Enquirer: 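This is the structure, below, for whatever I ask next.
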Amino acid sequence: MPKSSEIYNDEKAFFHLDRLARLREKKPIAPTCIQVDLEAFCNDNCGFCTTRKEDGFNIGMLKLIQINDNQIKRTEDKFKPIGIPNPNSGLPFEMAYRLPEMMKDAGIPAIELTGGGEPTLWRRFDTLIENLVRNNIEIGLVTNGSNISEERAKLLGASCTWIRFSMDTSNKTLHRKIHRTPGYDFERRIGNIKRIIKFRNRDLIIGVSFIIHPDNAHDIEKACKFYKKIGVDNIRFSWMYDKTGNAGLEEERIMTIKQTILKCKQKYEDENFAVLHKDSRIDLYSQPNDDFTTCYLQRFVWAIGADCKVYPCCIRKYVSGSEIGDIIKKTLKEIIYDENTINKMDSLKPLTCSPCWMRDKNKLIAKAVEKPPHVNFL
C-alpha cells in the first residue's frame with residue numbers, strides 16, 4: 001500500500017515528462033485528472049462549504065438546485081439540506097457511459113468525484129464507477145459517507161484508488177452542528193467508513209477530511225485519536241476558505257492550532273497512520289497571486305461542474321465567464337485541442353483570481369517549463 005504521507009506531493013508533475021515537454025513547445029496537453037461534480041444537491045448543509053456559505057466563492061451552483069444565492073441568507077432552518085434535487089441538478093445520466101469513454105479517448109487517466117453536492121446521491125453513481133473501471137480510469141472519491149450501502153462499499157472498496165470522507169469532527173453532537181444535518185447521522189457514517197475498510201483493495205488509501213474553523217478547532221487532537229483507532233490511513237487538516245483569509249480565526253488561535261497539529265503528528269503518526277497538513281496554506285488565503293505569473297496547473301487538472309461546464313480549477317468553478325468548455329457540446333478531446341480553450345487558458349492572469357493555495361505547484365511546474373539562461377551549466 002502507498003504511504004499516506006506521500007500522497008499530497010507538489011512535485012507530481014515531474015513524473016509527467018511528456019506533458020512538460022509539450023508545454024515547453026507551447027502545445028496543448030490532456031489533463032492528468034478531472035474533478036467532477038456529479039450532483040449539485042447535498043444532504044448536508046455545512047456552514048463552511050464554498051457552494052453554500054453566504055460569502056462563498058462557488059455559490060453560482062445554487063441555481064442548479066433551484067435556489068437563489070440570496071435565499072440562503074433567509075433560510076430559517078439551517079439544519080436541513082437547501083435546494084431541491086431535480087433533473088438539472090446533476091450531470092445527465094448518459095454521462096455514466098459517455099464520460100469514461102471520453103476520458104479514455106482523450107488520454108485522461110484519473111477522475112476525482114467530488115462536490116458541489118454529494119456525489120453518491122447521483123442516481124447513476126454505481127454505473128459510472130463500473131464504467132470507469134472498465135475503461136481503466138483511476139478513481140478518487142470525496143464523500144460525506146452518508147449513502148454507502150454494503151453493496152456500494154464492496155464496489156468502492158474494489159474500484160477506488162483513494163477515498164476521503166468529509167467528517168470534520170470526532171463526535172455526533174459536533175458533527176450535526178457543523179454539517180447541519182436534520183438528525184444525528186455521525187455514527188451511521190462511521191459505520192460506512194468501517195464498511196469500506198472491510199472491503200478495501202490492497203492499494204486503496206482511506207482518509208478523513210477535517211476543515212478547520214471556529215466551531216471545531218478544539219476537536220483536532222480528539223479527531224486524530226478517534227480516526228486512527230477506527231483504522232483509516234490518514235486525517236487531512238485544511239482551513240475553511242473564506243474571503244477574510246483567516247478561516248474566521250484570530251492570528252493567535254491560528255498559531256495555537258498549527259502547534260496542536262504538529263504535536264498530533266509527533267504523537268499519532270506511524271507507518272499506518274498519517275496526520276496531513278500544509279502549514280502555509282492558510283497564509284496563502286489572504287495573499288494576492290503576485291508570486292507567479294502563469295497558471296500551469298489548469299493544464300493538468302480540470303474541474304467539471306454539475307452544469308456540464310469545464311472550469312480551469314475548483315476555485316473558479318461556477319464563476320460566470322470562467323468556463324473553458326462544455327461536455328454536452330464537445331467531447332473532452334475536442335475541448336483540449338480547441339483554439340478557444342487554448343487561448344482562454346493562455347490569457348488567464350493569476351492576479352485576477354482569488355488567492356490560490358495551489359501556487360506552489362504552479363511555481364514548481366514553471367521551473368520545469370520555463371527555460372532558464374545557461375541551461376547546460378548545472
Side-chain angles (χ1 to χ4, degrees), residues 1-35 103 107-112 114 137-142 160-164 203-207 209 233-239 241 258 261-262 265 269-285 287 289-303 312-316 336 345-346 348 350 353 355-378:
M1 179 186 296
K3 290 184 178 180
S4 283
S5 58
E6 298 172 353
I7 60 177
Y8 295 104
N9 185 325
D10 288 344
E11 299 173 358
K12 288 181 181 179
F14 295 157
F15 287 86
H16 298 280
L17 298 179
D18 55 337
R19 285 174 166 83
L20 291 172
R22 287 185 62 85
L23 288 178
R24 283 194 291 271
E25 297 169 1
K26 308 294 185 183
K27 294 179 180 178
I29 63 170
T32 59
C33 178
I34 53 174
Q35 301 171 338
M103 291 181 66
I108 302 172
I111 189 169
E112 177 182 335
T114 183
I137 306 296
E138 294 180 87
I139 304 167
L141 171 65
V142 180
C160 290
T161 301
W162 58 266
I163 301 174
R164 186 166 69 246
D203 292 323
L204 173 58
I205 293 288
I206 301 172
S209 174
D233 300 304
N234 64 71
I235 182 168
R236 188 184 81 159
F237 293 101
S238 51
W239 305 81
Y241 188 50
K258 288 182 178 182
I261 295 173
L262 179 60
K265 286 178 71 69
E269 273 197 343
D270 56 31
E271 61 181 9
N272 297 314
F273 183 76
V275 176
L276 305 173
H277 173 242
K278 189 164 185 178
D279 189 71
S280 63
R281 183 163 172 173
I282 192 170
D283 303 321
L284 302 176
Y285 285 177
Q287 180 181 330
N289 305 324
D290 56 5
D291 53 343
F292 67 107
T293 57
T294 302
C295 177
Y296 287 109
L297 197 61
Q298 64 174 324
R299 313 283 181 171
F300 287 88
V301 183
W302 283 354
C313 72
C314 59
I315 299 175
R316 298 181 71 91
I336 290 168
M345 288 195 291
D346 284 344
L348 192 152
C353 294
C356 181
W357 63 76
M358 294 169 283
R359 69 183 73 208
D360 289 344
K361 294 182 181 182
N362 269 311
K363 290 192 285 188
L364 279 171
I365 296 170
K367 291 180 180 180
V369 173
E370 299 169 7
K371 188 176 180 179
H374 306 159
V375 70
N376 293 324
F377 289 87
L378 273 68

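Along the sequence shown, residues carry numbers from 1. If you're wondering where the values come from, they're calculated on a predicted model, not measured in any experiment.
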Enquirer: In residues 21-29, what donor-acceptor pairs under 3.5 Å come from side-chain atoms, sequence neighbours left out?
Expert:
residue, atom, partner, partner atom, Å
Arg22, NE, Pro28, O, 2.9
Arg22, NH2, Pro28, O, 3.1
Arg24, NH1, Ala368, O, 2.6
Glu25, OE1, Lys27, NZ, 3.2

Enquirer: Where is the tightest heavy-atom contact between Ala30 and Ile108, given as atom of each residue plus distance?
Expert: CB-CG1, 4.4 Å

Enquirer: As an exercise, state the distance from SG of Cys295 to CG of Asn289, rounded to the nearest 0.5 Å.
Expert: 9.0 Å

Enquirer: Mind jotting down which residue pairs meet the salt bridge (charged side-chain N to carboxylate O under 4.0 Å, His left out) criterion with at least one end in residues 368-378? Sequence neighbours excluded, please.
Expert: none

Enquirer: Just to verify, what does Tyr296 make a ring pair (Phe, Tyr, Trp, His ring centres under 6.0 Å) with, not counting sequence neighbours?
Expert: none

Enquirer: Please list, chain by chain and in numerical order, all residues satisfying salt bridge (charged side-chain N to carboxylate O under 4.0 Å, His left out) with Asp283, sequence neighbours excluded.
Expert: Lys258

Enquirer: To the nearest 0.5 Å, how far apart are SG in Cys33 and CE in Met103?
Expert: 7.0 Å

Enquirer: Who are the ring pair (Phe, Tyr, Trp, His ring centres under 6.0 Å) partners of His277, not counting sequence neighbours?
Expert: Trp239

Enquirer: Quick check for you: to the nearest 0.5 Å, what is the distance between Leu276 atom CG and Arg236 atom CZ?
Expert: 8.0 Å

Enquirer: Of all heavy-atom pairs between Cys314 and Met358, which one has the smallest distance, and what is that distance?
Expert: SG-CE, 4.4 Å

Enquirer: Among all residues two or more places apart in sequence or in another chain, which pass the side chain to side chain donor-acceptor pair (under 3.5 Å) test with Arg19?
Expert: none

Enquirer: Show your working on side-chain contact (heavy atoms from CB on, under 4.5 Å) between Lys265 and Phe237 and close with a plain yes or no.
Expert: CA-CA 11 Å; Lys265 286 178 71 69; Phe237 293 101; over 6 Å; no

Enquirer: When you compare the side chain of Asp233 with that of Trp162, does any pair of heavy atoms fall below 4.5 Å?
Expert: no

Enquirer: Might you work through the side-chain contact (heavy atoms from CB on, under 4.5 Å) test for Leu284 and Gln287, ending with a clear yes or no?
Expert: CA-CA 5 Å; Leu284 302 176; Gln287 180 181 330; 3.7 Å; yes

Enquirer: Taking side chain to side chain donor-acceptor pair (under 3.5 Å) as the definition, give me every residue that meets it alongside Glu112, ordered by chain and number, with sequence neighbours left out.
Expert: Gln35

Enquirer: I'd like to check Cys356 versus Phe292 (side-chain heavy atoms, cut-off strictly below 4.5 Å). Are they in contact?
Expert: yes

Enquirer: To the nearest 0.5 Å, how far apart are OG1 in Thr32 and CZ in Phe15?
Expert: 13.0 Å

Enquirer: Using the salt bridge (charged side-chain N to carboxylate O under 4.0 Å, His left out) criterion, which residues pair with Arg359? Sequence neighbours excluded.
Expert: Asp291

Enquirer: Who pairs with Lys278 by side chain to side chain donor-acceptor pair (under 3.5 Å), at least two apart in sequence or on another chain?
Expert: Asp10, Asp360

Enquirer: For Ile336 and Trp302: C-alpha separation, side-chain torsions, deciding distance, then whether side-chain contact (heavy atoms from CB on, under 4.5 Å) applies.
Expert: CA-CA 10 Å; Ile336 290 168; Trp302 283 354; 3.5 Å; yes

Enquirer: Can you name the residues that form a side chain to side chain donor-acceptor pair (under 3.5 Å) with Asp270, not counting sequence neighbours?
Expert: Lys228

Enquirer: At what distance, to the nearest 0.5 angstrom, does CG of Asp279 lie from CD1 of Ile261?
Expert: 8.0 Å

Enquirer: Measure the CG-CD1 distance between Leu204 and Ile163 for me, rounded to the nearest 0.5 Å.
Expert: 5.0 Å

Enquirer: Who pairs with Asp290 by salt bridge (charged side-chain N to carboxylate O under 4.0 Å, His left out), at least two apart in sequence or on another chain?
Expert: none

Enquirer: Kindly indicate whether the side chain of Cys160, heavy atoms from C-beta on, has any atom under 4.5 Å from the side chain of Ile139.
Expert: yes

Enquirer: Evaluate the criterion side-chain contact (heavy atoms from CB on, under 4.5 Å) for residue pair Val369 and Leu20; output intermediate values, then yes/no.
Expert: CA-CA 6 Å; Val369 173; Leu20 291 172; 4.0 Å; yes

Enquirer: What pairs with Asp18 under salt bridge (charged side-chain N to carboxylate O under 4.0 Å, His left out), at least two apart in sequence or on another chain?
Expert: none

